[in-house]
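The structure appears below as structure tokens.
Here is the naming used below: chain letters follow the sequence lines, and residue numbers restart at 1 for every chain.
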There are 4 protein chains.
Amino acid sequence: MKRSLQHNAAVSVGEKPRPGRPRSAECHDAILTAALELVEEVGFAALTIEGIAARAGCGKTTIYRRWPNKASVVMDAFLASTAPEISFRDTGSTRENFRRQLRAVVKVLAGPPGRIIATVIGGGQLDPELGEAYRTRWQAGRRVESRQTLQQGISRGELRKDTNVDLVLDALYGPLYYRLLVKHAPLTPSYADALVDLVFPGLEV
Amino acid sequence: MKRSLQHNAAVSVGEKPRPGRPRSAECHDAILTAALELVEEVGFAALTIEGIAARAGCGKTTIYRRWPNKASVVMDAFLASTAPEISFRDTGSTRENFRRQLRAVVKVLAGPPGRIIATVIGGGQLDPELGEAYRTRWQAGRRVESRQTLQQGISRGELRKDTNVDLVLDALYGPLYYRLLVKHAPLTPSYADALVDLVFPGLEV
Amino acid sequence: MKRSLQHNAAVSVGEKPRPGRPRSAECHDAILTAALELVEEVGFAALTIEGIAARAGCGKTTIYRRWPNKASVVMDAFLASTAPEISFRDTGSTRENFRRQLRAVVKVLAGPPGRIIATVIGGGQLDPELGEAYRTRWQAGRRVESRQTLQQGISRGELRKDTNVDLVLDALYGPLYYRLLVKHAPLTPSYADALVDLVFPGLEV
Amino acid sequence: MKRSLQHNAAVSVGEKPRPGRPRSAECHDAILTAALELVEEVGFAALTIEGIAARAGCGKTTIYRRWPNKASVVMDAFLASTAPEISFRDTGSTRENFRRQLRAVVKVLAGPPGRIIATVIGGGQLDPELGEAYRTRWQAGRRVESRQTLQQGISRGELRKDTNVDLVLDALYGPLYYRLLVKHAPLTPSYADALVDLVFPGLEV
DNA sequence: GTATAAACGAGACGGTACGTCAGGTCTTTCT
DNA sequence: AGAAAGACCTGACGTACCGTCTCGTTTATAC
């Protein structure tokens, strides 16, 4: 059951061929694609293993053999689809770097991937495993880059040495996810700008 | 179906008595209590209407007659239990007012009500009605008071006249909900303090 | 509960007026009419008290106050509608008397009342009370007349003195009901004729 | 849905093995046995699919997968239990052949199988499919043998050449079913004898 | 007249069973 | 030996009626 955090089914390179019929890669992809489509169409709660199997044209058993629960399937499907994305580019100014990246994040969150992320975070409130999977397999990776960019700003002397990094990251990204999840107001690029301009003055030396 | 935003079963004051046997208030309370207990014990996903009915000692029909889905039951249960709570008191300093209120909010979110709020927001990603119910019946009310306090600070000359109120509220509360929902770090009173001290310097004249 | 064999709700003549609002005759009729219509439309099994109440425009309680179960309602409804019907007329010949009456019976059984009788007998296999009601309140009455006609034939010297009356009545009517209920062949006037001509030769002196 | 007239679940001989887990024969038998027991204990009306499933130790779905309604289950249960039964033996005299067979039929109808037959015919008044199933899967088979025996009597010169076969069969069996269903008098062997002696005089040359 | 008494409609109540759906497991044949 | 199919038991779903029970409202007789 603890294998749920890894691509447990991928036919890794250099894998020694085990006896028996090898697992079908077409099948694997079909399942992930079906899962992704369905989670967008009906949401995580209404998503069923049977539905995924039916759309993927495979048996339920084939899914259960590879993933322990539907959360893992969805998480794998999400990662397989959204892996290549929003990263930082150095403009020379840390504030400007964040402004650009936050605008990119807003763009993603306001689109279809945003709905999936919201679905996954929402499902994570009900299914602890999904929450854990989201944190470690998606959130943590993004956070590393943001932290590095912030730390770079500190070491370059742009930002105060006593900057509470985790707090600042929360102050920047928290409001975005807040609007994504509560939907009390829209997510716009100018909202990203305003946020950066609210938080950074207190950080810059 | 559009009645889900109101206490649809309560025998409101001054209500002209409709024909037929009136709905039982004991029953109403028993259901909400049972729902609240169960959602804490087993979580929203494992919560069943049958389970609520069994614990409340009433028939399933009685629940279905009053609420369209389990999300609404939980929402009503939550409101009935957590209504009288976190409010502002004027200490003379707007920053101090917010520091105290955010600490109170953290206390609530870190406790059992926090789990239910997270559950409701999570469920709101799948069930639009629940999301809407959360926004209008809970979130909006809290927001009004916060906005007034902030505006008071502006009119008292403590805060800049060009303060973007909605943005500031998001910057203060967003990070709290971010941690509540993503759970990448704990919610502590000192986090509330740090947040206030990060955001306010840029606002004060 | 044992009152189900009598018209328990009719405002009988000479009834001493009890205090309180008297039972409504319109209501009574509306219920019986609704029951009759519904039993023809959907059958006895799918018939519901709620359905009758809804169509009759009265409350369920009003029905339960008067009849102990749906079988009684249907039986009353049937009797109220089909009371005036098939009787014997003396032609001088007993065989002819029966031929005419059996033709009349076939006519009734082949029409809508036949469907209701079939429904009632069918329901009687599942609901003993309905069966008992059918026997005593309908069947027995018809039987008396047939028996008298047969006995008249005996005393007039047309039929053998050792005629087994009950057997002959069964031999005459049994096949009609057999076809009514099993439906393996149609009920036609000529079938009645043939039946009479099969049974009577052995009876006549 | 048109499969209800056949043993739709039986693993027929010579059936090419389809993929997937085959239907369990133990399960099949357990359901039919449970259905038969229950219909005798509580009657058809109080019979529930849930009750059958509980006693058979299987899930409701397993029953619904094989039969469309409880009538079909009972019909199959009845056929499986009463298949090997009442048949004719040639004594040399057609009248005697029928006397013996009618006595056997009376014996069956007066016992537990009789209650089930009555239940099935009764149910057939409400559910056309059940009526059709009864006619084709039970009644028709019995009728063939009776017709052959009657025709044998004709060709042997015992009975008149112009005998109306269908009418005679109705005259012999109709009264039995009449008493079975209306229950106005008991079914006894001597009743069978008397019936034969009433009908045959008119047939014999 | 004004109690008092009962029937009325409406509809909520605790239940039972419905027929469906999906869960996760299993058993079988096919590749 | 894995894939695909499909049957298995389980358990919850949301619905329909059951028969009972309040309600507030008539509509009678009795005081």
Side-chain angles (χ1 to χ4, degrees), chain A residues 18-24 26-27 46-54 56-66 68-70, chain B residues 9 16-24 26-28 46-54 56-66 68-70, chain C residues 9 16-24 26-28 46-54 56-66 68-70, chain D residues 9 16-24 26-28 46-54 56-66 68-70:
Chain A
R18 287 187 292 147
R21 176 171 168 175
R23 291 185 172 175
S24 149
E26 289 82 1
C27 184
L47 185 69
T48 66
I49 297 285
E50 291 202 338
I52 297 173
C58 72
K60 281 197 291 181
T61 339
T62 304
I63 298 178
Y64 281 115
R65 194 175 297 119
R66 299 172 185 218
N69 50 57
K70 73 175 180 180
Chain B
K16 68 175 65 169
R18 288 186 298 139
R21 177 173 173 175
R23 293 186 172 175
S24 152
E26 290 83 2
C27 188
H28 191 89
L47 185 69
T48 66
I49 297 284
E50 292 202 339
I52 297 173
C58 73
K60 279 197 292 180
T61 346
T62 303
I63 299 179
Y64 283 114
R65 193 177 296 120
R66 298 172 184 221
N69 50 57
K70 73 175 180 178
Chain C
K16 71 174 65 168
R18 290 183 294 142
R21 176 174 174 175
R23 291 186 174 174
S24 152
E26 290 83 0
C27 187
H28 191 89
L47 185 69
T48 66
I49 297 285
E50 292 204 337
I52 297 173
C58 72
K60 281 197 292 179
T61 341
T62 304
I63 298 178
Y64 282 113
R65 194 177 296 120
R66 299 171 185 220
N69 49 57
K70 73 175 179 179
Chain D
K16 69 175 66 172
R18 288 185 296 139
R21 178 172 173 174
R23 291 188 172 173
S24 152
E26 289 83 1
C27 190
H28 192 88
L47 185 70
T48 65
I49 297 283
E50 291 203 337
I52 298 173
C58 73
K60 280 197 291 181
T61 3
T62 303
I63 298 178
Y64 282 113
R65 193 177 297 120
R66 299 172 184 221
N69 50 59
K70 73 177 178 177

By nearest-nucleotide position on DNA chain F, the 5'-leaning member of C58(D) and G20(B) is C58(D)

K70(D) or G57(B), whichever maps to the more 5' nucleotide of DNA chain E:
G57(B)

E26(C) side chain to S24(C) side chain, donor-acceptor N/O pair below 3.5 angstrom
yes

Can you tell me how far P of dT27(E) sits from OH of Y64(A), to the nearest Å?
17 Å

Check: T61(A) side chain, dA3(F) base, donor-acceptor under 3.5 Å
no

Report yes if at least one side-chain N or O of R23(D) is closer than 4.0 Å to OP1 or OP2 of dG6(F); otherwise report no.
no

Nearest nucleotide by nearest heavy atom, which residue falls closer to the 5' end of DNA chain E, A56(B) or A46(D)?
A56(B)

Pairing donors with acceptors under 3.5 angstrom, does anything connect the side chains of H28(C) and R66(C)?
yes

Calculate the interatomic distance between I63(D) atom CD1 and dC18(E) atom P; express it in whole Å.
9 Å

Rounded distance in Å - CD1 (I49(B)) to P (dT15(F))
11 Å

Spacing of H28(B) atom NE2 relative to dC13(E) atom C1', expressed in whole Å
16 Å

Identify the two heavy atoms, one from T62(A) and one from C58(A), that lie closest to each other, and give their separation to 0.1 Å.
CB-SG, 4.4 Å

Quick one: E50(B) CD to dA12(F) C1', roughly how many Å, whole number?
5 Å

Could you grab the distance from atom NZ of K70(C) to atom CD1 of I63(C), nearest 0.5 Å is fine?
12.0 Å

Do any side-chain nitrogens or oxygens of R66(A) fall under 4.0 Å of OP1 or OP2 in dA3(F)?
yes

Rounding to a whole Å, what distance do you find between L47(B):CG and dA12(F):P?
11 Å

Quiz item: K60(C) side-chain donor-acceptor pair to dG19(F) base, under 3.5 Å:
yes

In whole Å, what is the span from the CD1 atom of I52(A) to the C1' atom of dG24(E)?
14 Å

Report yes if at least one side-chain N or O of T62(B) is closer than 4.0 Å to OP1 or OP2 of dG14(E); otherwise report no.
yes

Measure distances between side-chain N and O atoms of R21(B) and base N and O atoms of dC21(F), and say whether any donor-acceptor pair falls under 3.5 Å.
yes

Rounded off to whole Å, could you give me the CZ-to-C1' distance for the R18(B) and dA12(E) pair?
10 Å

